[in-house]
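Taking it in order: structure first as structure tokens, then the write-up.
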Amino acid sequence: MPAAKPARNASISAMRRALLAWFGRHRRPMPWREKVSAYRTVVSELMCQQTQIATAIPYFEKWTAKWPDFKDLAKAEESEVLALWAGLGYYSRARNLLNLAKQVAALKSPPRTAAEWREFKGVGPYTAAAIASIAFAEPVAVVDGNVVRVLARLDGVRAKLRDASSAAKLFTSRADELVDPKQPGDFNQAMMELGATVCRKGEPDCAKCPLAEWCDAKKAGDAQALPRFVSKERKEAVVERALITREGKILLRRNPHTAKRLAGMAEIPVLSSLGVEPAGEPALVRRRTIGTVTYEEKLHALEPKVAEVRRWAKDGELEWVAAEALDGAALSGPHRRWLGEWLSRGGRTARGKRP
Ligand code: SF4
């Protein structure tokens, strides 16, 4: 029908206005929103990949106080960068950020478009669009899990989606159609904010939603069930680790820089890698899920024998770290937490001895 296109355009304009007005009233204060720059946007976007905003904020404050721009960060040592990142997880992000800073610091000025940002390792379509739209006002849509949820409900998409990345691809053209060309950064942040605070997983708060009048799922009454994903097979695994202290120091394994996971990070060593057997019940048992695998982590407190200590001295990945120096040891978050718990209980072995 001849009137369809103008009507669609009018409703897109009305949706943008409603969403931006709502964002103006409800935007949550975040340090990277108070003072916007390419560097601060890049740091915040990489930190907030796979990390909750509330967790990332203190890290962002410390990070930008220590390295205020690309040039400062480019001069940092990888060990310092990993130590400051410790606890945020997914440490390849920290290394990617350092490498990115070195490359950007060598340029006359930072790149401006999403296509250019995508050339950097660790910067995917979502992050590139966020940087280009927020820091340089390029009209490209950001499509993260929050935006997928809003769009699936808004358009009533009921087909099962394979996974997060194929869902993001599927919704990109619709998101690009909606993004406000005059305020793309605010629009993208508004969509993500709406998904995080109103159009939440589980129970959406449709009564407070600025897009309610255009929402198919609200009309149909099935918003809670959308988006739908194909369910994944879940697995279980057991990992046994060794809690070993000697003369006030803790034995840790430093992963090589070529490791696929946690490269350059320190971990509580896996028992089998030390050639020792557990004695009695574990001191701690903790469960955690990474992707589709749930791990039962059994942490055994052991007394080292002199021969074992001598043997471990020949293993270049093992190191003794003083308990007071754990903060600077680039330990991953769960390992830091488990060691803290164990030490706060006196670091006892299975026989009740304090090593
Ligand atoms: Fe989400 Fe409800 Fe808003 Fe629709 S009306 S976008 S389901 S919060």
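Atoms within each ligand, like the ligands themselves, are counted from 1 in listed order.
Put simply, the side chain of Arg254 gets close to the backbone of Gly264: a donor and an acceptor are under 3.5 Å apart. Distance alone, capped at 3.5 Å, is enough to place a donor-acceptor pair between the Arg16 side chain and the Val179 backbone.
Protein N, O or S atom count below 2.8 Å of atom 4 (Fe) of ligand 1: the structure gives 1.
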| request: Report the C-alpha distance between Glu317 and Asn255 in whole Å, list the side-chain angles of each, state the deciding distance to 0.1 Å, and finish with yes or no for side-chain hydrogen bond (donor to acceptor under 3.5 Å, both in side chains). | output: CA-CA 7 Å; Glu317 291 176 16; Asn255 293 312; over 6 Å; no
| task | Test Phe60 against Trp32 for ring-ring contact (aromatic ring centres under 6.0 Å, His included), laying out the working first. | result | CA-CA 8 Å; Phe60 177 86; Trp32 47 87; 5.1 Å; yes
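Using a 4.0 Å cut-off between a side-chain N of Lys or Arg and a carboxylate O of Asp or Glu, Arg253 and Asp315 qualify as a salt bridge.
Every pair passing salt bridge (Lys or Arg N to Asp or Glu O under 4.0 Å) that includes a residue from residues 166-180 is listed here, sequence neighbours excluded: Arg8-Glu177, Asp155-Arg174, Arg174-Glu177.
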